[in-house]
Amino acid sequence: MLWSDKYLTGNRAIDDDHKRIFDLVRDIIDQNFLDRGEKITKVINFLGDYTIQHFRREEKLMEECEYPEYPLHKSQHDDFLEQIKELTEKTNGIDGKSLSLSLEVNDVIVKWLVEHVLGSDKQMAAYVREHSKIA
C-alpha cells in the first residue's frame, strides 16, 4: 500500500498521520505473515495505538469547528478500532504462517483506510479548513 498525493487532505498534521499509517499497513502487508508472527503482532499493536492517537487529533479538530458530520465520522473511527482489536486478537499466538490473516488485513485495513481517507477525511478536512483557524 503506497502513499499517493491523492490521499492528501490539505491538513498537514492529518496528512502526516495518514502517511505514517499507510507505512505501517505496508509494513504488515510486506511481511506476508510468513514466519514473522511476532513482527506482525508488534506492527498491528503499534498501528492500533497510533490510530487511536490519530483519531483523537481528528476528533478534536471536528469538535473545535463543530463539524456537523462528527457523530458519523466518530462512529467510523470506533468501527475501525474494533476491527483492529479483532485483528490484534487473531495475531496473538499465531505461528507465523497465516495467509488468511494476511488477506484479512489487506481486505479490512487497506479497504477501510483508502475509502475513509478519500471520502470522510477529505470531506472533514475541507470543512475544517473553511471553519477553523487551526487547519
Side-chain angles (χ1 to χ4, degrees):
M1 174 171 201
L2 296 176
W3 174 260
S4 165
D5 285 349
K6 73 180 179 180
Y7 300 114
L8 289 171
T9 65
N11 181 293
R12 186 180 184 130
I14 291 173
D15 289 337
D16 287 348
D17 281 353
H18 286 164
K19 288 175 188 176
R20 180 68 177 131
I21 292 168
F22 273 63
D23 287 345
L24 290 168
V25 172
R26 188 180 65 241
D27 212 18
I28 294 168
I29 293 167
D30 287 349
Q31 296 301 317
N32 293 319
F33 286 81
L34 299 175
D35 300 321
R36 294 176 176 90
E38 186 177 322
K39 166 101 171 142
I40 299 300
T41 300
K42 286 180 181 177
V43 174
I44 287 179
N45 287 336
F46 185 78
L47 174 64
D49 293 342
Y50 193 85
T51 303
I52 289 169
Q53 295 170 16
H54 168 67
F55 287 167
R56 284 183 185 148
R57 278 190 282 279
E58 280 191 2
E59 290 164 10
K60 182 179 178 193
L61 284 173
M62 289 186 279
E63 288 175 328
E64 288 173 351
C65 69
E66 299 178 352
Y67 182 53
E69 298 297 322
Y70 173 79
L72 174 62
H73 202 115
K74 171 96 169 77
S75 73
Q76 292 171 353
H77 287 173
D78 293 344
D79 290 346
F80 184 72
L81 290 174
E82 186 59 36
Q83 291 175 338
I84 292 288
K85 180 181 174 187
E86 290 172 13
L87 288 172
T88 300
E89 290 170 0
K90 289 179 181 181
T91 62
N92 288 333
I94 65 171
D95 63 5
K97 296 179 187 263
S98 178
L99 180 59
S100 65
L101 190 54
S102 178
L103 294 173
E104 186 173 353
V105 166
N106 232 334
D107 185 48
V108 171
I109 295 178
V110 173
K111 182 180 177 188
W112 187 92
L113 189 58
V114 168
E115 289 177 359
H116 185 76
V117 171
L118 289 176
S120 298
D121 281 351
K122 281 194 167 222
Q123 179 182 349
M124 178 270 301
Y127 186 91
V128 169
R129 276 193 308 277
E130 293 177 23
H131 297 89
S132 174
K133 296 176 184 175
I134 298 170

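The distance from the NZ atom of Lys74 to the CZ atom of Phe55 is 9.5 Å, given to the nearest 0.5 Å. To the nearest 0.5 Å, atom CH2 of residue Trp112 and atom CD of residue Gln83 are 8.0 Å apart. Atom CD1 in Ile14 sits 12.0 Å away from atom NZ in Lys122 (nearest 0.5 Å). In this structure, CG on Asn11 lies 7.0 Å from CE on Met124, to the nearest 0.5 angstrom. Atom CG of Leu61 is separated from atom CZ of Arg56 by 14.5 Å, given to the nearest 0.5 angstrom. Distance check, rounded to the nearest 0.5 Å: CD of Glu64 to NZ of Lys60 gives 5.0 Å.
In this structure, Asp23 does not pair ionically with Lys19, as no charged nitrogen and carboxylate oxygen lie closer than 4.0 Å.
Looking only at atom types and distance, the side chain of His73 has a donor-acceptor partner in the side chain of His116 under 3.5 Å away.
With Arg57 as the fixed residue, the salt bridge (charged side-chain N to carboxylate O under 4.0 Å, His left out) test singles out one of Asp17, Asp15, Asp121: Asp17.
Of all heavy-atom pairs spanning His131 and Cys65, the tightest one is O-CB, 3.7 Å. Residue Val117 comes nearest to Tyr7 through the heavy atom pair CG1-O, 3.4 Å, listed as atom of the first residue, atom of the second, then distance.
For Asp79, there are no side-chain hydrogen bond (donor to acceptor under 3.5 Å, both in side chains) partners, not counting sequence neighbours. Partners of Ser75 according to the side-chain contact (heavy atoms from CB on, under 4.5 Å) rule, which considers only residues two or more places apart in sequence or in another chain, are Leu72.
Around CD of Glu66, the count of heavy atoms belonging to other residues, nucleotides or ligands within 6.0 Å does not exceed 12.
Between Pro68 and Tyr127, some side-chain heavy-atom pair lies under the 4.5 Å cut-off. Contact of the Leu47 side chain with the Leu87 side chain is not registered, since no non-hydrogen atoms from C-beta on lie closer than 4.5 Å. Put simply, the side chain of Asp16 does not reach to within 4.5 Å of the side chain of Arg20, judged on heavy atoms. A 4.5 Å side-chain heavy-atom check between Tyr50 and Ile21 finds at least one atom pair inside the cut-off.
Using the six-membered ring where Trp is involved, Trp3 and His18 have ring planes that are tilted, between 30° and 60° apart.
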